[in-house]
Amino acid sequence: MKRISCFLLGALLLFASCNEGVRLYVSADGNDRHAGTKSEPLQSLEGARNAVRAVLKEKPGRKVTVYFRGGEYPLEKTVKLTAEDSGSEQAPVVYRAADGETPVFTGSKVITQWTRLEDADALAGLDPAVHGKVYVTDLRAAGVTDFGDPTDEQKMTGIEYELGIPGRRPDLICNGQLQTLARWPNRGFVRAGKARGDTELPKTYIAVHGTKEGVFEYLDAYQDRWAQEEDVRLGGYWYWDWSDEYQAAERWDTATRTAYLREPFHRSGFKDSLRYFGLNLYCEIDSPGEWYLSRSSGKLYWYPPEGVDPAQAEVRLSCFGDPYMLVAEDCSYLTLDGLTFRDGRGSAVLIHGGAHMLLSGCRIERFGRDGVHITGGTAHGANGCYLSTFGHGGFKIVGGDRKTLTPCGHFVEHTAVENFSLFQRTYEPAVHLTGCGIRIANNRFRHSSSSAMRLEGNDFLVEYNEVSQVVNESDDQGGIDMWYNPSYRGVVIRYNRWSDIAGGTRHGAAGVRFDDMISGMSVFGNLFERCGAADFGGVQIHGGKDNRIENNVFYQCPFAVTFSSWGEERWQRELDNPDVRKKLYQEVDIRSEAYQQKYPELKNDIRQNADANIVTDNLIVSCKQTFRNKQDCQTVRNNTELDAGGKGIEAFCTPEELAKYGLQPIPVAEIGPKKNRWLETQ
């Protein structure tokens, strides 16, 4: 900790004598040698932390509130809080935005020196239609020397959530909007021809030829121009449409129209007619908002959006590359209230260990990786926050003990997460839960190529959420996705509204997806409107049992509920799979007293009654079909089919209307975030 001046310490002790606790003030034009008064504020988050430590050391048990004035607080390295920064239940420590003001902690640098591109050699590499419209700046002259990597995407699992992964991929931002790294096609994908690697893959059930090596035919001669590019990158779904990845091109052979990718190759290989797009391509700066960074010269080229004058716009490049802006390790009873974090290449906040740390009314946006990680500890959460624009996901939360079914009590409430999985396009949801006993309530999740929630564990409560326009691009997923672990139990999904989830390619998209053996789940009192595509409906169950789908309203879905039944033979064979046995009897033990008491269905032989689920007391309104692939083993009763007759879904959700068909009331008005300051101003 930095040494605190005697004057500052004396001022802090004077504040500590006040009955209401200590109040400190921070301003972007303050000074960390100041006393932290209104007239002499501190200047930084780190300076505020040091001042709080001094108070807590001299007067433990004091409530401390730090007020941040509006303005911008640049961050160049992680600020770390530890146990010594904790408050108590009676006297929490609070870092708060001053009333009516917006303090912003930013990891970006403003880029101001733009000149219209006039160099003849540089213009020769661009479409003549954009000559006179592209601008250039020298990043080294602007003080930026870390150019990062255009498609760096290290995977993060397990302990790495705690250690973090540095962010390497920069973003360009104009007036608060992400700009597009130059690509082709400008939207969507192009199809490849044949896979041309040497090692042929065994045929899967989709019966498509593929090879292990990343060598494939490109079909459009237009792409020949990429052979002159400095560093060609490709994004694509190389074999499965639920597994995207970025690859670097080793060489681009125009004579045979063959793309040779650099190792490591995608783990599933490469199939004929795969879909991909090219990016990090200088020659493809052909649309407003596109940009390109030459890492050899340090020059950044940009085609501004229509009507934008670079001299007048606020243009930023994200530069902060540490894994997190803020790390709170073993902190307890500490609140961040109304603070904004923006523009990092990595993730925003890590909370590890400790108890009762709260993000209240915070705004977190434009990060290359994730928003918030919570690992371990007890009763941490977010309330009334707004998260937007992430290369990966929103919240990743790990907590509780699945062996003993001890809940962690973490939560996310009254929070919006939108525009996520913008870079890594699959399995980067708004909320990813791992463990036991987490509540996700009254949130809004929308706008993603993939799922809104991924659940891995037990006793999660998902209620009163609005989920819409997700799984827009990837395949074989749902708004909620769970996968391949029959020891996951006790998840309750109730009173949520699922809207316009209809992407997918081969298999489809669902509102709620229970994939590969997921069993013992409850889906109660939900609204599913226009959910489902291809083989999927509002709810899709693949090989699981003991799931209860009850008291829901399905409106204009292709199917209400769809099944991909396994049958007794496959179910029992998979239960003998060493990986599944490890999940059932080593990672946890479903024979233990905790599991047997909590989940009564486990008292029966898990090997019996494959595919037996319960679907009762649902209202199906203007759906093309109620069920797909229903087997005799399913318990199905009182699922009423109606025609909407031009009415919206709300007309069928009143208590009186539901009662006509034997359904219990659904509290529609309580769904979605309430008292979120950021949504009220939109």
Side-chain angles (χ1 to χ4, degrees), residues 1-9 11-12 15 22-38 40-58 62 64-87 92-98 101-109 143 146 164 166-167 318-354 357-359 362-364 367 372-373:
M1 184 178 75
K2 293 181 179 177
R3 187 179 299 276
I4 303 295
S5 71
C6 293
F7 173 74
L8 173 57
L9 182 57
L12 296 176
F15 294 158
V22 177
R23 295 184 180 184
L24 299 172
Y25 296 87
V26 186
S27 173
D29 57 4
N31 190 311
D32 283 342
R33 296 182 63 84
H34 283 171
T37 63
K38 277 188 176 181
E40 291 191 326
L42 301 162
Q43 186 184 35
S44 70
L45 178 58
E46 191 173 27
R49 177 204 63 188
N50 294 340
V52 170
R53 285 181 178 177
V55 172
L56 295 176
K57 183 177 180 181
E58 294 297 325
R62 277 287 182 183
V64 184
T65 304
V66 181
Y67 294 90
F68 287 85
R69 299 294 307 273
E72 189 168 293
Y73 298 82
L75 291 177
E76 295 183 355
K77 63 179 181 179
T78 299
V79 176
K80 187 171 182 179
L81 306 173
T82 63
E84 65 180 311
D85 301 299
S86 298
V93 172
V94 181
Y95 292 81
R96 171 171 290 159
E101 302 194 38
T102 304
V104 178
F105 301 95
T106 179
S108 61
K109 185 174 182 62
D146 181 359
S318 63
C319 297
F320 188 94
D322 284 0
Y324 303 99
M325 282 190 173
L326 178 69
V327 171
E329 186 171 350
D330 297 324
C331 289
S332 296
Y333 295 102
L334 190 150
T335 295
L336 306 181
D337 185 5
L339 307 182
T340 295
F341 296 87
R342 284 183 182 150
D343 302 344
R345 297 181 184 179
S347 300
V349 176
L350 168 65
I351 300 171
H352 175 58
M357 187 165 171
L358 176 65
L359 304 179
C362 291
R363 187 178 182 107
I364 300 172
F367 281 82
V372 178
H373 293 172

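Count residues from 1 along the sequence. Only this structure's heavy atoms are used, side chains among them; waters, hydrogens and symmetry mates stay out.
- In plain terms, the two heavy atoms of Asp85 and Leu334 that are nearest each other are O-CD1, 3.3 Å.
- Tested against Met325, the residues Ile364, Val349, Leu75 include a single side chain to side chain contact (heavy atoms under 4.5 Å, CB included) partner, Leu75.
- Glu46 has its side chain within reach of Lys77: a pair of non-hydrogen atoms, C-beta onward, lies under 4.5 Å apart.
- Side-chain atoms of Thr82 and Arg53, non-hydrogen and from C-beta on, do get closer than 4.5 Å to each other.
- At distances below 3.5 Å, at least one donor-acceptor pair connects side-chain atoms of Ser86 with backbone N or O atoms of Ser332.
- Considering every non-hydrogen atom in both Thr78 and Tyr324, the closest pair reads OG1-O, 2.6 Å.
- Annotation for Phe320 and Glu76: closest pair CE1-C, 3.6 Å, computed over non-hydrogen atoms.
- Interatomic distance, Asp29 CG to Gln43 CD, rounded to the nearest 0.5 Å: 8.0 Å.
- Between Pro41 and Arg69 there is no side-chain heavy-atom pair separated by less than 4.5 Å.
- Side-chain atoms of Val79 and Phe105, non-hydrogen and from C-beta on, never get closer than 4.5 Å to each other.
- Within the 4.5 Å cutoff, no side-chain heavy atoms of Leu42 are placed close to those of Asn50.
- When side chains are defined from C-beta on, Arg96 counts as touching Thr65, because their heavy atoms get closer than 4.5 Å.
- In this structure, the side chains of Tyr95 and Leu81 come closer than 4.5 Å at one or more pairs of heavy atoms.
- Summarising the geometry, atom CZ belonging to Phe68 is positioned 12.0 Å from atom OG1 belonging to Thr340; distances are rounded to the nearest 0.5 Å.
- Tyr25 places no side-chain N or O within donor-acceptor distance of the main-chain N or O of Glu40, the cut-off being under 3.5 Å.
- Distance alone, capped at 3.5 Å, is enough to place a donor-acceptor pair between the Arg49 side chain and the Lys80 backbone.
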Begin with the C-alpha distance, continue with both residues' side-chain angles, and end with the deciding distance and a verdict on side-chain contact (heavy atoms from CB on, under 4.5 Å) for Leu326 and Phe341. CA-CA 9 Å; Leu326 178 69; Phe341 296 87; 4.3 Å; yes

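- Among all heavy-atom pairs drawn from Cys319 and Lys109, the shortest one is SG-CB, 4.0 Å.
- Ser44 OG to Asn31 CG: the interatomic distance, rounded to the nearest 0.5 Å, is 9.5 Å.
- Distance alone, capped at 3.5 Å, places no donor-acceptor pair between the Asp337 side chain and the Val94 backbone.
- Across all non-hydrogen atoms, the minimal contact from Glu101 to Gly70 is OE1-N, 2.7 Å.
- A donor-acceptor pair under 3.5 Å is absent between the side-chain atoms of Asp343 and the main chain of Gly107, judged by distance alone.
- Taking all atoms of both residues into account, the shortest heavy-atom contact from Ala97 to Gly338 is CB-O, 3.4 Å.
- In this structure, Val26 and Val66 have side chains that are in contact, with non-hydrogen atoms separated by less than 4.5 Å.
- Note that the OG atom of Ser27 and the NZ atom of Lys38 stand 13.0 Å from one another [nearest 0.5 Å].
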Given the rule in the side-chain contact (heavy atoms from CB on, under 4.5 Å) test, do Arg363 and Arg342 qualify, once you have shown the distances and angles that lead to the verdict? CA-CA 8 Å; Arg363 187 178 182 107; Arg342 284 183 182 150; 4.1 Å; yes

